[in-house]
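These notes are about the structure you will find just below.
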Amino acid sequence: MLKTLASQIKEFKLPTLLTPLCMIGEVICEMIIPILMGRLVDRGIYGENMGYIVRTGGLMIVVALFALFFGISSGVCGSKASAGFARNLRKAMHDNIQTYSFANIDKFSTSSLVTRLTTDVTNIQNAFMMLLRMAIRAPFTMVIAMVMSFTLSARLATIYLGAVFVLAFFLILIMRTATKYFKQVFEKYDELNESVQENVSAIRVVKSYVREDYEINKFQTAAANIYLMFVKAEKNVALNGPVMQTVVYLCILLISWFGAHMIIGGTLTTGAMMSLLTYCMNILMSLMMLSMIFVMLTMSQASARRISEVINEKSSLTNPENPVMEVPDGSIRFDHVSFAYNADAKEPVIKDVTLEIRSGERIGIIGGTGSAKSSLVNLISRLYDVTDGALYVGGHDVRDYDMEVLRDEVSVVLQKNVLFSGSIYDNLRWGDKNATDEECREACRLACADEFIERMPEGYNTQIEQGGTNVSGGQRQRLCIARALLKKPKIIIFDDSTSAVDTATDARIRRALQDAIPETTKIIIAQRIASVQECDRIIVMEDGRVDGFGPHDELVKTNAIYREVYESQTGMSGDADFDEMN
């Protein structure tokens, strides 16, 4: 874990090194001042030596200025190092997330990743700053002050030493109790972020169903859980203050009592007494700093672990050593393919599927919810790897391809259509960043999106809000189809991607695609028989298996499931759904 985090310091190694060095310089200067003060009192004031007072006072000013310089330098370097470290951590996590397969993404919730990129990194940034400055300053100050105290009076310095052991004992006791609560609190942050994310992204649904009170209560519960967890932790940490103050005041009383007797006895000077009291405060303040450092490090341990998990997570999908860099055609062959999302699953989602699709064919896939239609097509672009068997595209096993090359040739219009903030042109060019305006408009014409785009005041320069909330579901689907067409792929998959458009528009889109890209293999997942009956062949999925595979006319005669759905959708109950038949 530490090695993972340390590797992200990178170009900020110099300020990371300079921060503690400047901090040490500041401490040394601060430790010199009490000695000078003591000598000024003993030799200057009591000795009535004005020249010595002026010289020593001037020297103290110079030392104080050096301390100020070192302090400012350590602050500047520390800020640069910690902010840069946090930036690198966020970049490392974000970059690695982009390499994740769908299986990796399934391990982390969106809200958890958001927490790790924000709250957890902030905690590490603060801890790193404290580690560079206070973690160097506190022990260094304590050691030097202790040495100087023993130099002045070993007898009185023993009081400090005893106080250090007492405070260390209580500090360890307090931190052990608080640690378990700090480890749990960030899991509660995930729940809070999840509540916020769902509420904000679905605010229109919340208002439509008048569920504001429910969402408010849900958020308050998540916030209250964090509050209670922090209160439990802080209750333990708060004990550190009273214990610290008690020991500090006790030390001052003991030093004043014994020191006064020693001054009267002539074994200690007044200046030395003043220096000892200053060192007393330095030592005990250093202990207080150390307690704060332990609190911060305890809090940051959970954050460090969570960040390291994201950075060290390896994609379950990797390129072969010598990948195939070209997809010859759009042919697809499933050879006894089985697939499970989880290696420990009792049974696979896809079970022993064997079928062959020729390049340029129109293939329909139909089946009830949970019949593994989407899971089947996700294997084609290698979003997941098959568990058993083999899947071939263009005559090569998909695991032999460079993944970027394969996915460039397999365009997928997902069931859940996503648009990004930016203009319509910006969204279309996700399919091809170099596409011309004319190519974008042609793709929209094929997807029947041009008709509503041209009615917009700014046309193709209309700004899309995040998530495409300012366009309807059908418009969003057609824009996503146009975006996929711009890739000019060898295989294009429509995962129920025309469910929000009317039947006439659906038919127009299918005819346009057949005329425009006849050599591209088209796979259409649908619930409506009308959307797939013109396909060359249709796959009927049932419980992860292929129950039937053939042309529409043949399936009507030979496949009971398909025939029953067809009759229900073309009969009196023409709006019947596939799932109602299962």
Side-chain angles (χ1 to χ4, degrees), residues 1-36 59-96 116-148 182 278-279 281-308 310-311:
M1 182 175 71
L2 292 177
K3 185 178 180 181
T4 298
L5 297 183
S7 66
Q8 299 306 318
I9 296 174
K10 295 180 179 177
E11 69 270 31
F12 298 98
K13 289 178 182 177
L14 182 59
T16 299
L17 179 63
L18 288 176
T19 301
L21 291 177
C22 290
M23 201 79 259
I24 290 171
E26 183 184 15
V27 169
I28 291 172
C29 291
E30 289 179 352
M31 292 300 101
I32 292 173
I33 290 176
I35 291 291
L36 295 176
L59 182 58
M60 289 175 65
I61 292 173
V62 172
V63 173
L65 289 174
F66 271 106
L68 180 63
F69 168 77
F70 285 127
I72 292 173
S73 298
S74 69
V76 171
C77 291
S79 298
K80 187 175 181 180
S82 60
F85 179 50
R87 186 200 70 180
N88 288 346
L89 285 176
R90 289 193 180 95
K91 184 178 185 301
M93 282 195 288
H94 183 268
D95 289 352
N96 200 41
R116 295 170 199 237
L117 282 162
T118 53
T119 305
D120 286 328
V121 172
T122 300
N123 286 335
I124 293 297
Q125 180 179 349
N126 293 335
F128 188 62
M129 169 71 87
M130 187 168 282
L131 194 65
L132 290 179
R133 301 191 69 200
M134 299 305 167
I136 298 296
R137 178 189 180 89
F140 206 74
T141 298
M142 189 168 62
V143 170
I144 294 179
M146 191 68 74
V147 170
M148 301 296 281
F182 284 125
T278 304
Y279 287 133
M281 294 305 298
N282 285 332
I283 290 170
L284 298 177
M285 287 303 295
S286 296
L287 282 171
M288 188 171 287
M289 287 182 191
L290 283 174
S291 69
M292 292 172 59
I293 292 166
F294 279 118
V295 171
M296 183 62 72
L297 292 179
T298 300
M299 291 177 61
S300 64
Q301 277 182 358
S303 295
R305 175 181 54 79
R306 288 155 55 85
I307 290 171
S308 296
V310 176
I311 294 176

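For the numbers below, each heavy atom of this structure counts, side chains included, while hydrogens, waters and symmetry mates do not.
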Query raised in the report: Would a 4.5 Å heavy-atom cut-off, applied to side chains only, mark Asn88 and Glu11 as touching?
Result: yes
**Report entry** Test salt bridge (Lys or Arg N to Asp or Glu O under 4.0 Å) applied to Lys10 - qualifying residues, sequence neighbours left out
**Finding:** none
Query raised in the report: Among pairs that include at least one residue of residues 15-32, which meet salt bridge (charged side-chain N to carboxylate O under 4.0 Å, His left out), considering only residues two or more places apart or in two chains?
Result: Glu26-Arg137, Glu30-Arg137
Report summary line: Hits for side chain to side chain contact (heavy atoms under 4.5 Å, CB included) against Phe66, two or more places apart or cross-chain, chain-then-number order -> Cys29, Val62, Phe70
Query raised in the report: Heavy-atom distance under 4.5 Å between the side chains of Val147 and Met31, does that happen here?
Result: no
Compile the donor-acceptor pairs under 3.5 Å between side chains in residues 126-134 and protein atoms, sequence neighbours left out, one pair per line.
| residue | atom | partner | partner atom | Å |
| --- | --- | --- | --- | --- |
| Asn126 | ND2 | Thr122 | O | 3.4 |
| Arg133 | NH2 | Ser74 | OG | 3.3 |

Query raised in the report: Which residues pass the side chain to side chain contact (heavy atoms under 4.5 Å, CB included) test with Met146, sequence neighbours left out?
Result: Phe150, Tyr160, Leu161, Val164, Ile283
Requested in this report: Could you tell me which residues satisfy side chain to side chain contact (heavy atoms under 4.5 Å, CB included) with Ser308, sequence neighbours excluded, listed by chain and number?
Outcome: Met1, Thr4, Leu5, Asn312
Report summary line: Sequence neighbours excluded, the answer for side chain to side chain contact (heavy atoms under 4.5 Å, CB included) partners of Ile32 is Ile28, Leu36, Val63
Query - Residues which pass side-chain hydrogen bond (donor to acceptor under 3.5 Å, both in side chains) with Lys13, listed by chain and number, not counting sequence neighbours - result: none
Validation: residues 75-85 side-chain donor-acceptor distances under 3.5 Å, sequence neighbours left out:
| residue | atom | partner | partner atom | Å |
| --- | --- | --- | --- | --- |
| Ser79 | OG | Gly75 | O | 2.8 |
| Ser82 | OG | Gly78 | O | 2.9 |
| Ser82 | OG | Ser79 | O | 3.3 |

Requested in this report: Apply salt bridge (charged side-chain N to carboxylate O under 4.0 Å, His left out) to Asp95 and Lys91, showing your working.
Outcome: CA-CA 6 Å; Asp95 289 352; Lys91 184 178 185 301; 2.7 Å; yes
